[in-house]
Amino acid sequence: MTNNDVLRSLRYTLDAPNHGMIAIFALTNVTVTKEQVIAWLESDESESFALISDELLAGFLNGVIIQRRGAKDGVIPAPETKLNYNIILRKLKIAFDLKDDDILALLEGAEFRLSKHELSAFFRRPDHKHYRACQEQVLRYFLRGISLKFRPAAS
């Protein structure tokens with residue numbers, strides 16, 4: 001799963017048009033153009049397709065957190081330069097104000113089962129002996145569960 005896949009999924013979930021995506025980036029003082037957003041959202045086979053960097057996706061995820069929950073103490077966090085699925089999962093957990101039971105319910109709603117112990121291992125520090133790297137499949141089902149629950153209903 002690429003950063004572009006995550007961005008596409010979140011755009012669908014948030015029902016955000018191009019200018020809405022630009023506004024989310026702007027919440028973290030990241031300036032992007034409409035052309036960049038369109039290129040990131042294009043199909044991988046398209047000639048105008050462009051990869052979004054870890055740092056820009058981290059900025060977008062921070063923007064989603066600020067949009068949905070507000071800035072913590074008015075401070076805009078610096079985006080990570082390197083992302084992994086655990087960091088993405090943690091940022092989405094914060095953005096959507098989810099507890100462990102909520103995440104497990106979202107995964108179950110997307111027809112994926114995970115134990116509470118397996119889930120908690122994803123949120124541990126990487127140097128902890130019970131830390132586990134989040135697999136692509138878990139993130140994919142989590143994003144599907146989020147879209148099933150949080151996507152605004154079509155009017």
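The shown structure was predicted, so the numbers you read here are calculated from the model rather than taken from an experiment.
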Looking only at heavy atoms, what is the nearest atom pair of [X] and [Y], with distance?
{"X": "Cys134", "Y": "Leu89", "answer": "SG-CD2, 4.1 Å"}
{"X": "Ser115", "Y": "Leu104", "answer": "O-CD2, 4.0 Å"}
{"X": "Ala110", "Y": "Gly145", "answer": "CB-N, 3.9 Å"}
{"X": "Ser48", "Y": "Ala39", "answer": "O-CB, 3.2 Å"}
{"X": "Thr13", "Y": "Ser147", "answer": "OG1-CB, 3.2 Å"}

Indicate, with yes or no, if [Y] and [X] share a hydrophobic cluster defined by side-chain heavy-atom contacts under 4.5 Å among Ile, Leu, Val, Met, Phe, Trp and Tyr.
{"X": "Leu7", "Y": "Phe96", "value": "yes"}
{"X": "Leu57", "Y": "Phe122", "value": "yes"}
{"X": "Phe60", "Y": "Leu92", "value": "yes"}
{"X": "Leu98", "Y": "Leu61", "value": "yes"}
{"X": "Ile87", "Y": "Tyr85", "value": "yes"}

With side-chain contact (heavy atoms from CB on, under 4.5 Å) as the criterion, how do Trp40 and Asn3 come out once you've worked through the C-alpha distance, each side chain's angles and the decisive distance to 0.1 Å? CA-CA 9 Å; Trp40 294 328; Asn3 289 345; over 6 Å; no

Would you say [X] and [Y] make side-chain contact, with heavy atoms under 4.5 Å?
{"X": "Phe150", "Y": "Leu14", "result": "no"}
{"X": "Ile52", "Y": "Thr2", "result": "no"}
{"X": "Ile146", "Y": "Phe142", "result": "yes"}
{"X": "Phe123", "Y": "Ile103", "result": "yes"}
{"X": "Thr33", "Y": "Val37", "result": "no"}
{"X": "Val138", "Y": "Phe112", "result": "yes"}

With sequence neighbours excluded, give me every salt bridge (charged side-chain N to carboxylate O under 4.0 Å, His left out) pair touching [range].
{"range": "residues 133-146", "answer": "Glu136-Arg140"}
{"range": "residues 86-97", "answer": "Arg69-Asp97, Glu80-Lys91, Lys93-Asp100, Asp97-Lys99"}
{"range": "residues 22-51", "answer": "Arg8-Asp44"}
{"range": "residues 102-116", "answer": "Asp101-Lys116, Glu108-Arg113"}

If I take atom NZ from residue Lys82 and atom OG from residue Ser53, how far apart are they, to the nearest 0.5 angstrom?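 Result: 11.0 Å between the selected atoms.
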
Let me confirm one number: the CG-CG distance from Leu107 to Leu114, rounded to the nearest 0.5 Å. 6.0 Å

My understanding is that a hydrophobic cluster links ILVMFWY residues whose side chain heavy atoms are under 4.5 Å apart, including indirect links. Using that, what else belongs to the cluster containing Val75? none

Does NE2 in His117 sit with more than 12 non-hydrogen atoms of other residues, nucleotides or ligands closer than 6.0 Å?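 No.
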
Is it true that a side-chain atom of [X] and a backbone atom of [Y] form a donor plus acceptor pair closer than 3.5 Å?
{"X": "Asp54", "Y": "Leu83", "answer": "yes"}
{"X": "Arg68", "Y": "Ala95", "answer": "yes"}
{"X": "Tyr141", "Y": "Leu106", "answer": "no"}

List the steps, then state whether side-chain contact (heavy atoms from CB on, under 4.5 Å) holds for Tyr131 with Asn86. CA-CA 10 Å; Tyr131 170 85; Asn86 296 63; 3.4 Å; yes

Ring of Tyr12, cation from Arg151 - is the NZ or CZ under 6.0 Å from the centre and inside 45° of the axis? yes

Pairs under 3.5 angstrom only: tabulate donor-acceptor contacts from the side chains of residues 19-32 to other protein residues two or more places apart or in another chain.
from	atom 1	to	atom 2	distance (Å)
Thr28	OG1	Phe25	O	2.9
Thr28	OG1	Gly59	O	3.3

Start with the C-alpha distance between Met1 and Leu143, add both sets of side-chain angles, then the distance that settles side-chain contact (heavy atoms from CB on, under 4.5 Å), and finish with yes or no. CA-CA 11 Å; Met1 175 171 241; Leu143 287 168; 3.6 Å; yes

Under the side-chain contact (heavy atoms from CB on, under 4.5 Å) criterion, do Leu41 and Asn18 qualify, and how do the steps go? CA-CA 10 Å; Leu41 298 171; Asn18 292 338; 4.2 Å; yes

